[in-house]
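Taking it in order: structure first as structure tokens, then the write-up.
To find a chain, count down the sequence lines: A is the first, B the second, and so on, and within it residues start at 1. Computed from heavy atoms alone, side chains included, the values below leave out hydrogens, waters and symmetry copies.
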Amino acid sequence: MDLLISFLVCFAVFHVAMVLSAVCTWIERKGSALMQDRIGANRAGAYFDTPFIRTDNLALKPVAFLTNVLVIGPAFSVIRTLGMLGVINTLLCDAVKGLTKEDFVPEGTSRFLHNLGPVLATVPIFLAFAVIPVAPNFTLFGYHVRPQVAHLDVGALFILAMGSMAVYGVAIAGWTGNNKFSLLGGLRAAAQMISYELAMGIVFVTIVVVYGTLDLYQIVERQQSLWGIVTQPLSFIILFIVGMAETKRGPFDLPEAESELVAGYFTEYSGMKFLLFWMGEFAEIGLFSLLLTVFFFGGWHLPFLDLPAGVWWAALIGHVILMTKVMFFCVLQIVIRWTLPRFRYDHLMTLGWKILLPLSLVNLMFYAALKLSGVL
Amino acid sequence: MNLLFIIFAAIVVVSALGVVLLRNPVHSALALVSNLVGVAAIYAMLNAHFLAVVQIIVYAGAIVVLVLFVLMLLNMKVEALKRHEKIFYTTVMLVAVAFCAAILPILHQFFGEFNPAASLTIASGAAASGAAALPRVEGTVEAIGKVLFTRYLFLFEAASILIMAALVGAVMLSHRVSNANGSSVNSGPSTDPSTTVRS
């Protein structure tokens, strides 16, 4: 039974990651269309006649009528609405297209490493979800359920470790592309991720100093009365910028700058392997939104709302609260991506090394001093 | 647990061989990554979560990334490496023999008579019973932190000073190189004046 519960928890957390990345894909496609005054994906699944059941048999006519009104009519109007909103296009058609496309491997490179690239870029991101609590602990039918795959006492560090492993995916992808554009994209991505990881690590240290624990569940519980954004606003700003840079999106998308590098490190990828990079990217957006919520916005806590601990419906409400906050940050990141122009490369490096890194160090010193003097 | 240990130990050994035997330096670097991650997994099985995560962050996540970065920048040809093959392999063999000679007394101290089968049993047994045998301290991070900042404080500070000196040395070296090239390399028209090297 314990094994079944852990399996279900794994399934649920993986589901959270997949749904976050799917919803982000849809928001990116349709939201960017809205922002640019386009219509966006609205064709696939939107225009077709509802296949009503017709019959000449008099005895079956009432049955057919009821089925038509109660099942087929509503079901197909839902499908049509989804089609008009572009959901079918972005989530179904693109996936089918990716799976059925030719799998192209450039000449003169290792097929194994070429396949390994997207896997290494995606898997660590999904692994990092393992230490994130997606809801408060609860008891159901006498079984104690902890909605967190791995309850590590080094949870925050595990996320850093997985973030640093994701560098290999883009570096290998750039290298196996076997052309200048891919290689430049891969090198840019690796340099950018290494540079911003330093500031991220120091912000993580600050968070650990303030909350006194590395366990993400404990960090959430310590914000019950006061959210982290009130106690450490600068850490939030730094982590938000670093998160945008680590996902290689928004104003930081130099590794895939389409005006100079075709598509950067995944130029030579096609079909599902190309889509895997996208999935990893959107899962990373979801991951960073979850982290920001867990570190600074109280996770499943809302001010003036005291949910009873350990009850399943309270956990469900907590999960909805958490996911609402996460969706807010996902949308915010996508809006920023479609609003700000791209950085110049030296500006990017200056921001990382000369602004964010010293700023995060000062921030760390400040909170360490506060902690030592007993204020926190 | 025992099965997991054997799997991870096999990964460690095979990838370590890969680091040495693979022709392409990039492939070797990637084999090194898998080796380090395998070692981290064995640490994690011994309940040393902190050590495992730090192993991944520092070695797999930072050092080998830089190695790979340089290898990709240089884009070495395998033919270029073959030229010095003989000297290279002689040196490697000598270093390997010296290392084995240095490590044998320690192995002897641990396992007594050298017996590969027995040592494997001991090691896998330690990994398997790690969760039960080790005293469950209140978070291994706290335990390591306390030991590091009390008993080994001097060594810790000495190591940090050493790393700091290396850092300053690296900055000085790159300073000298860019000065020798003249300032024209660094101060293009688009470069911010504050980022160029002064003096």
Report, as yes or no, whether the 6.0 Å neighbourhood of atom [atom1] on [X] holds more than 12 heavy atoms from other residues, nucleotides or ligands.
| X | atom1 | result |
| --- | --- | --- |
| A:Y345 | OH | yes |
| A:L3 | CG | no |
| B:K146 | NZ | no |

Nearest 0.5 Å, please: how far is [atom2] in [Y] from [atom1] in [X]?
| X | Y | atom1 | atom2 | answer |
| --- | --- | --- | --- | --- |
| A:L187 | B:F69 | CG | CZ | 5.0 Å |
| A:L160 | B:I56 | CG | CD1 | 11.5 Å |
| A:L113 | B:L30 | CG | CG | 6.0 Å |

Closest approach of B:I57 to A:S164 (non-hydrogen atoms, all atoms of both residues)
CA-OG, 4.1 Å
Contact check, side chains of B:V65 and A:M193, non-hydrogen atoms, under 4.5 Å:
no
At a 4.5 Å cut-off on heavy atoms, which part of B:V64 comes close to chain A: side chain, backbone, both, or neither?
both
Show every ring pair (Phe, Tyr, Trp, His ring centres under 6.0 Å) that has at least one partner inside residues 7-42 of chain B, sequence neighbours left out.
none
Selection from A:F158, A:Y168, A:F112 maximising heavy-atom pairs under 4.5 Å formed with chain B:
A:Y168
Pick one of side chain, backbone, both or neither for A:I172, based on which atoms fall under 4.5 Å of a heavy atom in chain B.
side chain
Which atoms of A:A191 approach chain B - backbone, side chain, both or neither, heavy atom under 4.5 Å:
both
Does the pair B:V33 and A:M165 meet the rule for a side chain to side chain contact (heavy atoms under 4.5 Å, CB included), with working shown?
CA-CA 9 Å; B:V33 175; A:M165 288 307 287; 3.9 Å; yes
What residue in B:V54, B:L66, B:V53 has the most heavy-atom pairs under 4.5 Å with chain A?
B:V53
